[in-house]
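Lettering follows sequence order; numbering is per chain, from 1. Source: prediction; values computed, not measured.
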Number of protein chains: 2
Amino acid sequence: MNQKFYSLPEEKQRAILNAGFHVFSQNTYKNSPMREIAETAGISKSLLFHYFHNKKELYLYLWTFCAEITIEEMKKSGCYQQTDLFESMESGKNAKLRLMRMYPDMGTFAVKAFCEEDPEVCREIRGSMDRYIQIHASAKLENLNPDDFIPGIDLKMMYKDMYLASEGYLWEKMKLGNLNIDEMERDFSELLSFWKKIYLKKGKAEYHDD
Amino acid sequence: MNQKFYSLPEEKQRAILNAGFHVFSQNTYKNSPMREIAETAGISKSLLFHYFHNKKELYLYLWTFCAEITIEEMKKSGCYQQTDLFESMESGKNAKLRLMRMYPDMGTFAVKAFCEEDPEVCREIRGSMDRYIQIHASAKLENLNPDDFIPGIDLKMMYKDMYLASEGYLWEKMKLGNLNIDEMERDFSELLSFWKKIYLKKGKAEYHDD
DNA sequence: AATGAGATTGACCGGAACGGTTAACAGGGG
DNA sequence: CCCCTGTTAACCGTTCCGGTCAATCTCATT
């Protein structure tokens, strides 16, 4: 790719990346026209080809960019160091929402790229896929103190429930487009405090309930 | 559309519909080539055009087919008459899984069609959209007897949690493709019985636990 | 074996759109 | 005045688009 891309004003860089995320997330690799990406970004096709020499290069750039910024943001959020499960979920979710605010279609793009089967790109995608596998909380779960939670609860199922509901919420909003991040933040906190109230042993629940 | 389509052997009909669902769910309306649909269905492009006179007709047929069969299957499952919330969720989920087994890409297609903005079809889609709005359980919730559940629980939040987790699960599986319906059935029952154990008042929980 | 009706296809149409190139333009600084 | 950088319109050959149609192939009925 052309290094000059980086000297573009940030908002223009973002416009181009987002245009790519958008079109590639809506269509197969092969059926995603460069013209459409350029139009969405508000630049001419020629200029797009000036920064990214061909379609494949743009696609793969988007893929690695997406992997890197996601990992970076997740680390920065500190959700991996957190010991409290709910705190960790909260910071993880905050990171996701922050990413979503900057690059609304990046998540969908990642999922789609993950499943892309076009021989022109799928080898490269699968090759660097390990950079994107989620470090799930399975390890974290073993560090939980069962005494903090209501007696007899299946902690693995509890986490599964919370994880799936979070994903379900994200998906539910995403699929209808036009996402309002602030609203999502509120809804998420509401869910979290609901779970705390349900799952935590009495007396522990109020602990974090600002 | 050509009525002869209906006299095709059922499995061939399904192959064609599924091919349509697949391609249209992966691409925008405009970027979905008829050739690709025909290829996926294992027939020639000419034959596809023999049954559906043009692209728009096929697309809109898929849309109404999807709405009708979904409503039919949901009604048939009896999930709307059920008085027990968990029973109702179970039969609703069974209906969804049955549909998913027959038409794996129909759900994704519906979501995408729902958001389609191409002027060639979006008017018609939005016009008949009311056929597809979910009759949510909000009304049902008011009939619940709070005494059946653990004291002090927010029933609306409880339902939201369960609904979102179900959607999240479906989405989680769908996005990675290659869905194993039997496994999904098992996972779902597991989730349901977990919720029963958590949310139902002690003594009520074992009631339905075959 | 010949016939005729449907099912199914390959070859074809004009024109649009593809990925990609290039020559030219705009405009600000020296 | 010219160079430099960012930007684009116009263009390239090629492929693919939605859609048509005449020619097959299939096969039950004579």
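- Between C:dA7, D:dG19, C:dT21, one nucleotide has an atom nearer to the side chain of B:Asn54 than all others, and that is D:dG19.
- The existence of a salt bridge linking B:Lys93 and B:Glu90 is confirmed by a sub-4.0 Å separation between a basic side-chain nitrogen and an acidic carboxylate oxygen.
- Atoms CD (A:Glu120) and C1' (C:dC18) sit 13 Å apart, rounded to a whole Å.
- Counting to the nearest Å, the P atom of D:dG18 and the NZ atom of B:Lys56 are 15 Å from each other.
- The nearest whole Å value for the distance from the CG atom in A:Leu8 to the P atom in D:dT5 is 15 Å.
- Rounded to whole Å, the distance from CE on A:Met34 to P on D:dC12 is 21 Å.
- Close to D:dC17, at under 4.0 Å from its OP1 or OP2, lies a side-chain N or O of B:Arg35.
- A:Glu39 and A:Lys45 are not joined by a salt bridge, as no carboxylate oxygen comes within less than 4.0 angstrom of a charged side-chain nitrogen.
- Within the nucleic acid shown, B:Phe52 has no heavy atom closer than 4.0 Å to any nucleic acid atom.
- Judged by the 6.0 Å distance and 45° axis criteria, B:Lys55 is positioned over the aromatic ring of B:Tyr29.
- Nearest to the side-chain atoms of B:Lys4 among the listed nucleotides D:dG18, C:dC18, C:dA7 stands C:dA7.
- We find that CD1 of A:Ile37 is positioned 12 Å from C1' of C:dG19, with the value rounded to whole Å.
- Residue contacts for B:Tyr51: at a heavy-atom cut-off of 4.0 Å it reaches the sugar-phosphate backbone alone, with no base atom in range.
- The environment of A:Lys160 atom NZ is dense: over 12 non-hydrogen atoms of other residues, nucleotides or ligands sit within 6.0 angstrom.
- Taking only distance into account, the side chain of A:Ser46 meets the base of D:dA9 through a donor-acceptor pair shorter than 3.5 Å.
- One side chain, A:Ser91 or A:Gln82, offers a donor N or O that lies under 3.5 Å from an acceptor on the other.
- Residue A:His50 is the one, among A:His50 and A:Asn31, whose nearest nucleotide of DNA chain D lies closer to the 5' end (criterion: closest heavy atom).
- Taking a cutoff of 4.0 Å between a charged side-chain nitrogen and a carboxylate oxygen, A:Lys96 and A:Glu167 qualify as a salt bridge.
- DNA chain D contains the following stems of three or more consecutive Watson-Crick or G-U pairs, with both distances under 3.5 Å: C:1-28 with D:3-30.
- A:Ile43 places its CD1 atom 15 Å from the C1' atom of D:dA9, with the value rounded to the nearest Å.
- Atom CZ in B:Phe49 sits about 16 Å away from atom P in C:dG10, given to the nearest Å.
- Nearest-nucleotide positions on DNA chain D place A:Ser44 closer to the 5' end than the other of A:Ser44 and B:Glu36.
- Nearest-nucleotide positions on DNA chain C place B:Ser7 closer to the 5' end than the other of B:Ser7 and A:Tyr29.
- Each of D:dT7, C:dG19, D:dG19 was ranked by its minimum atom distance to the side chain of B:Lys55; first place goes to D:dG19.
- The cationic atom of B:Lys12 (NZ for Lys, CZ for Arg) does not lie both less than 6.0 Å from the six-membered ring centre of B:Phe5 and within 45° of the ring axis.
- Contact annotation for A:Lys30: no contact, since no heavy-atom pair falls under 4.0 Å across all strands.
- Distance, A:Leu47 CG to C:dT22 C1': 15 Å, rounded to whole Å.
- At a threshold of 4.0 angstrom between heavy atoms, the contacts of A:Lys45 include nucleobase atoms, whether or not backbone atoms are also involved.
- A:Glu172 and B:Tyr163 are linked by a side-chain donor-acceptor pair at a separation below 3.5 angstrom, with hydrogens and angles left out of the test.
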